[in-house]
Number of protein chains: 2
Amino acid sequence: MTSRRCAHTAGALRERHLARSGPPPELRNPPYTRLPNDSPKGKDRMEPPATRRRITIVDVARHAQVSVTSVSKVLRNAYGASPEMQEKVRRAIDELGFRPHAGARGLRGQTYTIGVMLPDIRNPFFPEILDGITASLKDTEYQVLLGPGCNGEKEEARVTEAMLDRGMDGLVLVAPVSPRAHLDHVGTAVPTVVVGRHGTSPAYDTVTDDDMAGAAQVVAHLAGLGHRRIAHIDHHETDPTRLMEMPNAHRANGYRLAMRAHGLEEWINVVATSYTQQGGYEGTRQLLALPAADRPTAVFAGADVVAMGVLEAVAEAGLSVPDDLSVAGYDNTTFAAFGPVSLTSVDQAGREMGRNAVRLLLERIADRGRPSTKVTLSPTLVPRRSTTRPAE
Amino acid sequence: MTSRRCAHTAGALRERHLARSGPPPELRNPPYTRLPNDSPKGKDRMEPPATRRRITIVDVARHAQVSVTSVSKVLRNAYGASPEMQEKVRRAIDELGFRPHAGARGLRGQTYTIGVMLPDIRNPFFPEILDGITASLKDTEYQVLLGPGCNGEKEEARVTEAMLDRGMDGLVLVAPVSPRAHLDHVGTAVPTVVVGRHGTSPAYDTVTDDDMAGAAQVVAHLAGLGHRRIAHIDHHETDPTRLMEMPNAHRANGYRLAMRAHGLEEWINVVATSYTQQGGYEGTRQLLALPAADRPTAVFAGADVVAMGVLEAVAEAGLSVPDDLSVAGYDNTTFAAFGPVSLTSVDQAGREMGRNAVRLLLERIADRGRPSTKVTLSPTLVPRRSTTRPAE
DNA sequence: GATGTCTTGAGTAACGTTTCCTAAAGGGCG
DNA sequence: CGCCCTTTAGGAAACGTTACTCAAGACATC
């Protein structure tokens with residue numbers, strides 16, 4: 001809110017500078033001057049370059065001897081340009097090296113920009129989704145731009161607002177934590193697809209994984225191996241909306257339902273920490289501190305990053321995986337596939353999610369009035385060496 | 001090149017549609033209609049929302065009963081607005097929920113957008129740099145937007161050009177592989193900082209790590225432990241410019257020099273594969289295939305991702321780290337810090353690199369004429385359990 | 001042969017903001 | 001008290017592109 005006001009001071013300084021007619025800029029920083037060494041290691045300085053004016057659509061029109069309108073039509077592949085016209089204009093574009101200015105285009109039409117918000121770049125699952133998105137957009141005029149990692153509501157709001165301000169044509173929000181009202185606000189302002197969050201809205205389209213089914217597969221796998229005391233590490237959540245919509249809640253529910261379905265309700269044990277390595281570590285410490293009769297023989301971590309923490313805690317306790325404890329994760333990240341780790345996990349088909357998100361987004365950009373849609377994908381269990389029969 | 005021409009067809013369709021006056025859009029997709037189920041799992045549809053006009057600076061001016069110019073001045077903290085004026089305008093901005101349109105601003109002044117290009121989102125080192133960048137920009141009006149992962153020259157060119165087209169105020173390019181000419185082109189068009197690539201240019205500023213020093217620290221560490229047969233896994237490179245400028249080349253050189261300095265030149269052994277997990281895996285297979293007398297007792301992988309491949313190959317060969325082979329990486333990623341892995345690595349202080357990049361960028365945005373600068377940071381060795389004395 | 005319709009091209013007014021310029025107040029100084 | 005300078009406010013012209021509107025010619029229809 002307040003940051004909106006405090007514009008960068010460069011502009012103010014320049015204007016004041018002109019008004020007071022102080023020393024011209026070129027005298028303040030003479031070229032080839034070496035400044036005192038204020039960097040940790042060292043500095044080298046070189047002469048500055050010169051910049052030149054950008055080619056515009058007017059230049060192209062003049063060079064091709066046609067009207068500006070015609071150039072614009074060719075640029076947009078719009079109706080009403082004869083083949084000869086197209087040829088002439090394209091030659092002029094190539095000869096001048098013209099590239100349309102996205103900001104100016106956005107003022108009237110589209111910016112040909114798709115904004116993607118990822119909650120955490122460090123989680124190796126999200127690049128999969130991103131790959132699906134970029135691959136689907138590769139042959140279009142659209143360009144993908146990412147928001148920087150956002151951990152909280154405030155950061156998310158800043159990033160989404162910034163994308164709206166920049167006139168993006170469509171947004172893909174991956175696992176957003178913002179309240180529904182904010183998502184609706186965004187979806188109303190611009191075509192939006194929310195990925196990895198359950199719950200639907202008329203304002204945006206949704207792509208999710210069937211998290212309940214994924215959790216059920218993990219429990220079935222572990223129960224099939226003979227485990228009974230199967231614990232689950234969940235992300236702690238109190239907000240009622242997020243409790244309904246966030247994937248972790250669905251995984252925990254799927255775990256509970258599947259445990260009952262396998263007649264293991266008495267062994268249901270959910271530790272709520274957080275979907276981080278630290279959360280997995282702490283959750284496991286709690287589980288290992290239980291009396292032997294209650295201690296789980298298998299842990300289903302809600303995410304692979306959580307499983308990393310589990311493995312760390314297990315190693316620290318002098319135990320080994322899977323002999324002393326079977327461990328399963330969720331997301332099938334490269335970490336899970338890493339040989340020495342070999343973590344049983346659930347593959348969410350991130351690429352497929354990204355592809356679907358783009359498809360829905362382009363559909364909605366083409367027809368903003370169409371009813372909103374939810375696509376649900378099925379996950380697949382990937383068994384690896386971190387799960388085996390229980391010791392007893 | 002050709003993709004520049006083939007605009008998305010939506011505009012063309014709409015224009016043709018109007019010209020031919022076919023059925024209006026609302027009849028093509030009647031609301032509440034359920035389409036056939038063509039998604040992998042299932043679909044739900046809901047009614048669409050309505051969108052409303054964006055608040056503009058004109059609305060603010062009218063509401064505050066002042067001129068548009070005055071509002072603009074307040075927005076930019078520019079000279080010539082009295083305190084009362086500022087107060088009036090800010091109240092109007094808050095009451096209306098006005099946010100300036102970045103694209104329109106970019107047409108005359110700045111877009112308040114900084115573009116960051118990361119070569120590979122999956123490499124856990126780059127988020128560190130990004131954190132440094134975003135942290136430094138948190139209290140400014142600037143917003144960071146990332147290009148999606150680019151693996152090659154072509155992708156890089158597409159992303160950088162897209163950022164130029166969008167009128168970004170500054171660019172941070174992390175470890176770009178583009179030829180120098182392209183970097184100069186970009187740097188001439190917009191303030192630019194290149195991170196993690198040696199070699200300087202008058203057109204842009206540079207922030208690098210002292211890779212030679214980092215490699216020397218690794219060799220010194222291993223030699224100090226008693227190792228003599230220390231091998232290095234490098235990224236294969238033939239392009240002469242990149243051979244001079246890319247960090248991997250500097251690390252390899254640092255390795256060679258340090259080996260000589262420790263009187264170990266006869267054991268210099270550089271395997272050139274690639275800076276990927278696969279590259280580390282293949283390189284290690286080659287090294288392990290050597291006759292016992294030549295086989296290294298320690299491997300210095302040029303990056304932590306490479307070390308991941310090394311560990312995988314070692315485990316697959318039935319050997320163990322560090323008893324049979326000491327392994328060191330580079331970048332000090334979270335993977336290296338992960339307890340069960342505990343990889344000796346070199347910390348590049350990514351946050352510090354990001355911070356310096358932003359500082360240089362803002363300096364240059366404020367004064368485009370200032371001479372270009374290079375900042376070099378010193379890396380730190382982080383010894384962990386993956387390196388120990390050699391067996392013999 | 002007159003009247004539409006379709007096609008192609010061009011002129012012009014937006015879009016939302018900043019920058020340049022000018023005008024009107026205030027205030028110190030001779 | 002008149003003059004100049006400083007401060008404050010506003011009008012108008014950019015910025016680069018697209019959407020709307022219109023005109024002229026080709027061609028088919030009655």
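The sequence lines fix the lettering, A, B, ..., with proteins before strands; numbering per chain opens at 1.
- Scanning for side chain to side chain donor-acceptor pair (under 3.5 Å) contacts around B:Asp169 gives B:Thr111, with sequence neighbours left out.
- The base of C:dG11 sits with one of its N or O atoms less than 3.5 Å from a complementary donor or acceptor on the side chain of A:Thr69.
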Any protein N or O atoms within reach of nucleotides 23-27 of chain D? Criterion: under 3.5 Å, listing atom names and distances.
none

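- Remark: B:Ile57 pairs with B:Val68, B:Val71, B:Ser72, B:Leu75, B:Phe98 by the side chain to side chain contact (heavy atoms under 4.5 Å, CB included) rule, at least two apart or across chains.
- As judged by a 4.0 angstrom heavy-atom cut-off over every strand, A:Val68 is placed among the base-contacting residues.
- Rounding to whole angstrom units, CZ of residue A:Arg76 and C1' of D:dG16 are separated by 13 Å.
- Of the two residues near DNA chain D, A:Ala104 and B:Ser67, the one whose nearest nucleotide lies more 5' is B:Ser67.
- Between A:Gln143 and B:Met163 the shortest side-chain heavy-atom distance does not fall below 4.5 Å.
- A:Glu161 has its side chain within reach of A:His185: a pair of non-hydrogen atoms, C-beta onward, lies under 4.5 Å apart.
- When the nucleotides D:dG10, C:dT17, C:dA10 are ranked by their closest atom to the side chain of A:Lys73, C:dA10 comes out on top.
- Protein atom CG of A:Leu164 is 15 Å distant from nucleotide atom P of C:dG16, rounded to whole Å.
- Applying the side chain to side chain contact (heavy atoms under 4.5 Å, CB included) rule to A:Glu87 yields the partners A:Arg91; only residues at least two apart in sequence or on another chain are considered.
- Ion pairing of A:Asp165 with B:Arg54 is present here, as a side-chain N (NZ or NE/NH1/NH2) and a carboxylate O approach within less than 4.0 Å.
- Using a 4.5 Å cut-off on side-chain heavy atoms (C-beta onward), B:Leu183 and B:Pro176 make contact.
- Distances shown here put a side-chain N or O of A:Arg105 below 4.0 Å from the OP1 or OP2 atom of D:dT18.
- Under the 4.5 Å side-chain criterion, counting only non-hydrogen atoms from C-beta, A:Glu156 is in contact with A:Val177.
- Considering only side-chain atoms of A:Tyr79, the nucleotide from C:dT7, C:dA10, D:dA9 that sits closest is C:dT7.
- For the salt bridge (charged side-chain N to carboxylate O under 4.0 Å, His left out) test, residues two or more places apart in sequence or in another chain that qualify with A:Asp184 are A:Arg180.
- In this structure, B:Asp205 does not pair ionically with B:Arg359, as no charged nitrogen and carboxylate oxygen lie closer than 4.0 Å.
- Rounded to a whole Å, the CG atom of A:Leu107 is 14 Å from the P atom of C:dA14.
- Here C:dC15 presents its P atom at 21 Å from CZ of B:Arg99, a figure rounded to the nearest Å.
- Computed from coordinates, the A:Asp169 CG to C:dC15 C1' distance equals 15 Å when rounded to whole Å.
- Near DNA chain C, defined here as any heavy-atom distance below 4.0 Å, the residues from residues 80-87 of chain A are A:Gly80, A:Ala81, A:Ser82, A:Met85, listed numerically.
- Protein atom NE2 of A:His101 is 14 Å distant from nucleotide atom C1' of D:dA14, rounded to whole Å.
- Following rounding to the nearest Å, B:Arg62 (CZ) and D:dG10 (P) show an atom-to-atom distance of 15 Å.
- Rounding to whole angstrom units, CD1 of residue A:Ile57 and C1' of D:dT18 are separated by 8 Å.
- A sub-4.0 Å separation between OP1 or OP2 of C:dC20 and a side-chain N or O of B:Arg108 is absent.
- Residue-level contact check: B:Ser72 touches the bases, meaning some heavy atom is under 4.0 Å from a base atom.
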